[in-house]
Amino acid sequence: MSDVLAGLHAIVGNKGLLTDPAEMGAYAIDWRKLFPGKPLAVARPSSTAEVSAVMGFCHHHGLAVVPQGGNTGMAGGAVPDTSGRELVLSLARMNRLRGLDPVGMTLEAESGVVLQTAQEAAVAVNRLLPISLAAEGSATIGGVISTNAGGVNVLRYGMARSMVLGLEVVLPDGRVVDGLRQLRKDNAGYDWKQIFIGTEGTLGIVTAAVLRLMPRPTQRLTALVSVPDPQAALDFLVLAQDALGDTISAFELISGFSIGLVQRHFGLSCPVGAGEWYVLIEAGATLSGLREAVETAFEQALGQGCVIDGTIAESGQQAADLWMLRERVTESEAKESKSVKHDVSIPIPSIPQFLIEAGQALDRHAPGTRVNCFGHLGDGNLHYNILIDGHDPHDINRIVHDVVDRFGGSISAEHGIGQYRVDELALRRSESEQFLSRLIKTAIDPLDLMNPGKVLSRRETR
Ligand SMILES: Cc1cc2nc3c(=O)[nH]c(=O)nc-3n(C[C@H](O)[C@H](O)[C@H](O)COP(=O)(O)OP(=O)(O)OC[C@H]3O[C@@H](n4cnc5c(N)ncnc54)[C@H](O)[C@@H]3O)c2cc1C
């Protein structure tokens, strides 16, 4: 064993260090299998003190560190490069729930706690942790915070950032910063925790967090409708918001093509008459009258022609079945063909026109490609994925992102930059924004040891 590995072993012990390539396999490649890497080793510390000691050791020896949670990220941010010199630091063993307070409505969790475990702990005290995404059975609290994850409840509750009250982080030199406060209001000085949220492990390690909980709605309604086109979906969104207010937690747009993929690859059936597009809507409330309000909104929408057909789930099972149609889209796309993913944000009123112009651009420059589009219409976030059928992924990126730029959008709404979109980000953000980002990176991680080459290119940070 080399001196470096022996030094790490002395900190984390047998259970905390993997060096066998077979054991490291699952840590070396991302969920999408696009970025195979070669770790120096995988450290699996079990406490903040161990994380701190590992980071101090790596700082001293100039070793790059790649933080990893559940490794479900979509942008290749949690895996090392192929040099064999980067240490993967997995937070999986830091999986203790440190506290749950139904009165103050907070939950304190270590980074490696799986999102679903945290959700279930909240439900056990009749509270809601509203961060919800299809990977919640594997994604961790640390990963969700480090990617500022979105998911299906953003419309009502905001992104992961809006749930974070306090953070504990370990800086690149091993220093622990304890900001695990449970306060809803705290304007005492810089709110430094914000710079560790959504920065994908490029500034430090998130070791624990205090998350805000919400009251748990006692009634929940899930419905699926078909709509003639995206403009009709948008008209329905406005109508639904007028009628149902902030009870709407999810308003998901799903193309007919996406539903077809799910039917083909998972054998699921769609209970709603065929449309070019579908909307999955969920609303929750504690006071009564939700069902009547939803039914009235549907009748209006049918009358105005923005909805063609629809169904309201009559049981928890039916609601889960409707959600399956949405949640299986990503996996059925992977089964169908090689694809290029775009996770774009567009000003909400411009979405129908964006879809027209992006489709025209692809027809012109990449004929034969197929569009698998679904997403969070209520948040202005589309997953505009292209089944590339032989085309160059970079060309497809440029074509789509050029249209995104024309609409004043963003090339990453919720999945982050990772290593997947580093070049595209450098092209799309202004000089001054890039300068500021580099300034922050250099101030906190002057040696560029934290997840190098992710979000910002290596060269830029040195
Ligand atoms: C089927 C599927 C559906 C998904 N749906 C959504 C969705 O709807 N919305 C959405 O936003 N995302 C979605 N994702 C992406 C992904 O699940 C989220 O980004 C999730 O938050 C990542 O959590 P993780 O623990 O797996 O992080 P990882 O993949 O392990 O890491 C992600 C990034 O965070 C960094 N990181 C991880 N833990 C830490 C830590 N403790 N400290 C510092 N840095 C850290 C990593 O270095 C990496 O850059 C989906 C993924 C899949 C596979």
Side-chain angles (χ1 to χ4, degrees), residues 31-32 70 72 74 114-120 123 128-139 144 149-157 217 219-227 233 236 240 248-284 291 294 298 307-337 339 341 343 370-379 381-385 387 414-415:
W31 184 85
R32 295 177 62 200
T72 67
M74 290 285 200
V114 169
L115 175 57
Q116 191 175 333
T117 307
Q119 292 168 346
E120 287 167 1
V123 167
L128 177 74
L129 176 61
I131 306 167
S132 178
L133 36 95
E136 63 201 20
S138 310
V144 161
V152 293
N153 286 331
V154 174
L155 183 60
R156 181 169 182 180
Y157 298 104
Q219 309 164 57
R220 191 174 285 280
L221 277 186
T222 306
L224 182 72
V225 302
S226 53
V227 297
F236 179 43
I248 306 172
S249 52
F251 197 95
E252 301 286 301
L253 181 69
I254 317 171
S255 65
F257 181 83
S258 306
I259 295 282
L261 285 183
V262 173
Q263 289 176 314
R264 182 158 354 133
H265 294 291
F266 285 93
L268 302 182
S269 61
C270 177
V272 172
E276 288 290 312
W277 293 84
Y278 295 82
V279 169
L280 182 68
I281 177 170
E282 187 162 279
R291 189 175 183 103
V294 169
F298 276 5
V307 159
I308 302 170
D309 187 18
T311 182
I312 300 178
E314 296 294 341
S315 66
Q317 185 56 51
Q318 281 183 14
D321 290 346
L322 293 183
W323 269 109
M324 269 301 131
L325 289 166
R326 164 66 179 84
E327 289 181 351
R328 293 288 194 207
V329 175
T330 302
E331 290 159 89
S332 41
E333 177 187 296
K335 287 174 188 280
E336 174 77 8
S337 156
S339 66
K341 293 191 191 302
D343 165 39
R370 292 175 292 163
V371 178
N372 182 30
C373 180
F374 56 100
H376 317 288
L377 184 68
D379 313 326
N381 174 196
L382 296 177
H383 299 307
Y384 193 81
N385 300 343
L387 310 187
E414 60 176 12
H415 288 164

Could you tell me if the side chain of [Y] sits less than 4.5 Å from the side chain of [X], heavy atoms only?
X: N385; Y: S258; result: no
X: F266; Y: L325; result: no
X: L115; Y: L133; result: yes
X: T330; Y: M74; result: yes
X: R291; Y: I312; result: yes
X: F374; Y: W277; result: no
X: V272; Y: V225; result: no

Roughly how far apart are [X] [atom1] and [Y] [atom2], rounded to 0.5 Å?
X: Y384; Y: D343; atom1: OH; atom2: CG; result: 14.5 Å
X: N153; Y: I248; atom1: CG; atom2: CD1; result: 12.5 Å
X: L155; Y: I281; atom1: CG; atom2: CD1; result: 8.5 Å
X: E282; Y: R220; atom1: CD; atom2: CZ; result: 4.5 Å
X: L268; Y: D321; atom1: CG; atom2: CG; result: 8.0 Å

Do you know the tightest heavy-atom contact between [X] and [Y]?
X: E333; Y: S339; answer: OE2-OG, 2.7 Å
X: L253; Y: A233; answer: CD1-CB, 3.7 Å
X: R370; Y: S337; answer: NH2-CB, 4.0 Å
X: T72; Y: A139; answer: OG1-CB, 3.7 Å
X: L322; Y: P271; answer: CD2-CG, 3.7 Å
X: G151; Y: D379; answer: O-OD2, 4.2 Å

Pair V371-F257, side-chain contact (heavy atoms from CB on, under 4.5 Å): steps then yes or no
CA-CA 8 Å; V371 178; F257 181 83; over 6 Å; no
Which residues share a side-chain hydrogen bond (donor to acceptor under 3.5 Å, both in side chains) with W31, sequence neighbours left out:
none
Any chance you could lay out the side-chain contact (heavy atoms from CB on, under 4.5 Å) test for K335 and R264, step after step, and finish with the verdict?
CA-CA 10 Å; K335 287 174 188 280; R264 182 158 354 133; over 6 Å; no
Can you check side-chain contact (heavy atoms from CB on, under 4.5 Å) on V154 and H376, steps first, answer last?
CA-CA 8 Å; V154 174; H376 317 288; over 6 Å; no
Going through the distances and angles, do V152 and E327 end up as a side-chain contact (heavy atoms from CB on, under 4.5 Å)?
CA-CA 10 Å; V152 293; E327 289 181 351; 5.6 Å; no
With sequence neighbours excluded, what pairs up with R328 under the salt bridge (Lys or Arg N to Asp or Glu O under 4.0 Å) test?
E331
Do the ring planes of F298 and F236 sit parallel (below 30°), tilted (30 to 60°) or perpendicular (above 60°)?
tilted
For Q263, I'd like to know if atom CD has over 12 heavy atoms of other residues, nucleotides or ligands within 6.0 Å.
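Yes - once you tally the heavy atoms of other residues, nucleotides and ligands closer than 6.0 Å, there are more than 12.
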